Protein chains: 2
Amino acid sequence: MVSKLEMTGDELDSRARDVLRAIILQHVATGEPISSRSLSKCGQFQLSPASLRNVMADLEDLGYLAQPHTSAGRVPTDRGYRFFIDHLMKSHALSRRDRETIDGEVANAGEIEQILHLASSVISKLSDQIGVVFMPTLLQFTIRSMDFVLISETRIMCVIVGTNGVVVNRIVDTRQTFQREELEKIGRYITAEFSGMTLDGIRRRLIRMTEDERALHDQMLQKTITLGIEAVNDVAPVEHELFVEGAASILTKPEFADANALRRTFLALQEKEKLIEILNTFLSEDGLQILIGSESDFTQVHNFSIVARRYGSSSAPLGMVGIIGPMRMEYARMAPLVDYLGLALTRKIEEQEQDR
Amino acid sequence: MVSKLEMTGDELDSRARDVLRAIILQHVATGEPISSRSLSKCGQFQLSPASLRNVMADLEDLGYLAQPHTSAGRVPTDRGYRFFIDHLMKSHALSRRDRETIDGEVANAGEIEQILHLASSVISKLSDQIGVVFMPTLLQFTIRSMDFVLISETRIMCVIVGTNGVVVNRIVDTRQTFQREELEKIGRYITAEFSGMTLDGIRRRLIRMTEDERALHDQMLQKTITLGIEAVNDVAPVEHELFVEGAASILTKPEFADANALRRTFLALQEKEKLIEILNTFLSEDGLQILIGSESDFTQVHNFSIVARRYGSSSAPLGMVGIIGPMRMEYARMAPLVDYLGLALTRKIEEQEQDR
DNA sequence: AGTTAGCACTCTCACGACGAGAGTGTCAAG
DNA sequence: CTTGACACTCTCGTCGTGAGAGTGCTAACT
């Protein structure tokens with residue numbers, strides 16, 4: 001019945017918009033359903049509760065508000081939050097403290113995994129929500145260099161540096177034995193020969209090379225090829241990394257007062273595939289993304305919202321960073337937080353990219 | 001009033017012991033307080049409920065059982081569990097499936113961190129409790145080799161292999177620029193010069209070398225020293241790694257039916273220092289360790305137990321592996337699980353140690 | 001027209017009473 | 001020493017009740 005309404009923001013007059021905004025702000029602050037009386041008392045409107053009730057009834061008809069039960073106040077629906085975010089919200093400026101905290105954490109981090117880990121934990125702490133950082137597949141990842149370090153005669157650590165500054169390392173267990181000097185040579189060769197290619201491309205070319213005439217005779221080349229293939233094969237399975245931090249932060253939120261809600265939530269967070277799927281669809285979108293309640297499978301069940309943003313250079317987006325929390329959250333504070341963290345990460349990564 | 005009793009297991013006659021064992025087994029299975037009637041009905045005893053009540057009253061006086069309230073059955077106390085574990089428990093043989101699962105997971109893992117991560121997750125899955133694996137400080141860690149890989153001109157990955165096969169790698173950001181060949185030379189030099197020493201020892205010696213006459217003139221040596229110090233300094237802060245896996249497994253246990261217990265538990269798991277402290281004290285003990293309820297700060301508050309065991313060669317214990325769960329757990333099944341995982345880890349690590 | 005006071009209505013929630021059920025302790029008889 | 005019997009106690013679910021909160025509606029007011 002409300003489906004034919006376009007979300008242009010035009011179907012609400014200025015007063016209705018003010019009321020909706022006030023209700024959402026107040027409800028986010030208190031967690032309680034908002035009554036006409038408390039709204040009237042807050043002083044923002046020179047109207048009696050009865051008048052406000054009329055406005056609220058209209059907003060309910062339009063699907064922006066709902067009543068938990070007849071004699072309770074109103075609560076925003078996901079549709080209400082959506083309207084708020086699209087048309088009513090005024091993002092807070094990011095506090096200097098927060099900005100400095102983010103900058104500090106990001107600056108201190110070295111390796112990509114550490115950066116992402118710190119990012120998820122800092123956003124979780126600052127937002128008091130669950131922090132998520134997602135780094136998608138490395139298959140399209142182009143390499144700058146590849147080096148091999150002798151761990152023991154048959155165990156080799158392979159260090160791959162991407163053109164975007166990301167460093168990946170894995171240990172492979174070979175059946176052959178290697179010398180230090182051999183590995184140095186192999187590293188130089190592979191770096192020279194394959195830099196700029198994707199892992200997948202490298203693997204395919206190496207496999208083609210095995211059939212090459214020369215490889216049959218040159219023992220050194222043969223060793224290089226098998227080691228290279230093993231190294232790339234071993235990295236490829238790392239299809240994505242998902243950092244979820246601060247799940248305990250939701251423990252104190254009133255929407256999780258009962259044990260079942262908690263249980264369901266933790267179990268949902270366990271299975272990360274769904275989350276990855278959602279974040280993946282966002283990966284093609286630019287700018288801040290907000291997903292509310294029923295708008296996706298994941299957020300629907302638990303009345304969650306996701307505020308997330310792409311990071312990494314726009315030419316090669318690297319992943320998503322954001323927060324997950326109950327639908328009732330301070331979007332006006334979350335939005336700039338997530339946005340800034342995304343920017344900071346992007347900047348950091350571009351710096352590393354320069355730094356060649 | 002019971003404190004003067006020695007825990008020799010002598011103060012209970014054979015019948016009392018049987019009753020205590022039966023009560024614990026039944027309570028662990030059901031989670032309910034055990035009544036004299038249900039005990040009589042189970043057929044193990046040819047006694048009436050009234051007689052069993054007498055025995056149970058005695059066990060309660062001795063502090064092995066307790067009643068949640070007057071008209072409830074009996075529940076084992078931590079003292080009761082302790083007696084059970086020390087004198088009554090018959091450990092189940094480890095099922096073949098479990099043994100194979102553990103062997104499989106451990107065999108597949110490569111790097112130490114991956115091994116420990118898998119270990120904590122496999123033990124969590126098999127036990128349906130929270131899995132913990134703890135690796136203590138690396139400061140006493142002696143090195144076999146040290147290599148440096150060029151990430152970018154000023155960022156160097158440092159790969160340290162311990163004599164126990166453990167591989168640690170960190171990226172350091174230097175102010176100087178390095179060439180590939182330089183790094184290879186530095187790696188060879190440091191490996192030759194310092195292998196067998198502890199990280200701490202290396203650092204001290206490097207610092208002493210800065211004051212050395214030669215270092216002032218030999219630019220290469222100077223670069224080596226500063227890089228070496230930075231590498232070691234960067235690794236040293238990693239004082240311990242604690243893997244806690246499967247916290248969600250306790251969600252379904254009846255002792256966490258109410259939200260507060262859940263909340264408290266998750267918050268307790270958040271602060272890992274306490275846990276590390278406890279595991280650290282166990283590090284000097286050989287064999288399986290079981291800590292019950294009030295026996296430690298950590299387990300006391302939440303009615304938890306810890307079943308843990310040292311792993312790593314006995315000459316150089318590497319860390320602790322174990323599970324955390326409610327006091328009411330199947331000790332007879334947990335004990336061999338943890339024990340076997342500890343053995344498997346030790347074996348794996350010794351293999352890697354050989355493999356030089 | 002829009003606004004407001006008043007009022008009846010509905011729903012939740014905290015409180016207390018109550019009875020069924022479960023388990024115990026005890027005592028006297030076997 | 002064992003056991004049947006019985007009174008006692010405590011928990012827990014159910015039901016009823018009344019206070020409180022908030023609404024919708026209507027009629028009067030501006």
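Below, chains carry the letters A, B, ... as their sequence lines are ordered, and counting in each starts from 1. Model, not experiment: these values are computed from the prediction.
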Check: Are the side chains of B:Phe304 and B:Leu291 in touch, meaning some heavy atoms are under 4.5 Å apart?
Finding: no

Margin query: Side chain of B:Ala50 only, heavy atoms from C-beta on: which candidate in D:dT3, D:dT23, C:dG25 is closest?
Written below: D:dT3

Next item on the list: Any chance you could list the contact pattern along nucleotides 12-22 of chain C? Use B for base contacts, S for sugar-phosphate-only contacts and - for none, protein heavy atoms under 4.0 Å, 5' to 3'.
Entry: S---------B

Checklist line | Nearest-angstrom distance from the residue atom CZ of B:Phe45 to P of D:dT2 | finding: 13 Å

Next item on the list: Nearest whole angstrom, please: distance from the P of D:dC6 to the CZ of B:Arg53.
Entry: 14 Å

Check: Over how many whole Å does the gap from A:Leu47 atom CG to C:dA1 atom C1' extend?
Finding: 14 Å

Next item on the list: Run the numbers on A:Lys90 and A:Arg21 for side-chain contact (heavy atoms from CB on, under 4.5 Å), then give the verdict.
Entry: CA-CA 10 Å; A:Lys90 302 168 183 121; A:Arg21 182 193 292 117; 3.8 Å; yes

Note to self: Need the pair for C:dC15. Rule: Watson-Crick or G-U wobble, both distances under 3.5 Å, any strand; none if unpaired.
What the structure shows: D:dG16

Note to self: Angle between ring planes, A:Phe266 versus B:Phe266, binned at 30° and 60°: parallel, tilted or perpendicular?
What the structure shows: parallel

Note to self: I want to verify a distance call: between D:dG24, C:dA5, C:dG25, whose nearest atom is closest to the B:Gln67 side chain?
What the structure shows: C:dG25

Checklist line | Comparing B:Thr70 and B:Pro49 on DNA chain D - which has the more 5′ nearest nucleotide | finding: B:Pro49

Checklist line | Nucleotide nearest B:Arg15 when distance is taken to its side chain, options D:dT2, C:dT24, C:dT4 | finding: D:dT2

Item checked: Atom-pair distance (CE on A:Met56; C1' on D:dC25), nearest Å -> 16 Å

Notebook entry, point to check: With both distances under 3.5 angstrom, what nucleotide forms a Watson-Crick or G-U wobble pair with C:dA1?
Noted result: none

Note to self: Going by salt bridge (charged side-chain N to carboxylate O under 4.0 Å, His left out), name the pairs with one or both residues in residues 255-269 of chain B, residues two or more places apart or in two chains.
What the structure shows: B:Glu255-B:Arg328

Next item on the list: Examine the base of C:dG23 for any acceptor or donor lying under 3.5 Å from a partner atom in the side chain of B:Arg37, and report the outcome as yes or no.
Entry: no

Next item on the list: Name the closest nucleotide to the A:Ser48 side chain, picking from D:dA5, D:dT3, C:dT4.
Entry: C:dT4

Next item on the list: In whole angstrom, give the distance that lies between atom CG of A:Leu39 and atom C1' of C:dT3.
Entry: 16 Å

Item checked: Heavy-atom side-chain contact between A:His87 and A:Leu12 under 4.5 Å -> no

Checklist line | Note, B:Ile85 side chain near B:Ile292 side chain (heavy atom, < 4.5 Å) | finding: yes

Margin query: Tell me if a side-chain donor or acceptor on A:Ser40 pairs with a main-chain N or O of A:Ser36 at a distance below 3.5 Å.
Written below: no

Margin query: Tell me the interatomic distance from A:Asn54, atom CG, to D:dA27, atom P, rounded to whole angstroms.
Written below: 15 Å

Notebook entry, point to check: Can you check the A:Leu59 CG to D:dT23 P distance for me, whole Å?
Noted result: 13 Å

Note to self: From CD1 of B:Ile34 over to P of C:dT24, roughly how many Å is that when rounded to an integer?
What the structure shows: 10 Å

Note to self: Using the side-chain heavy atoms of A:Ala57, tell me which of these nucleotides is nearest: D:dG24, D:dT3, C:dG25.
What the structure shows: D:dG24

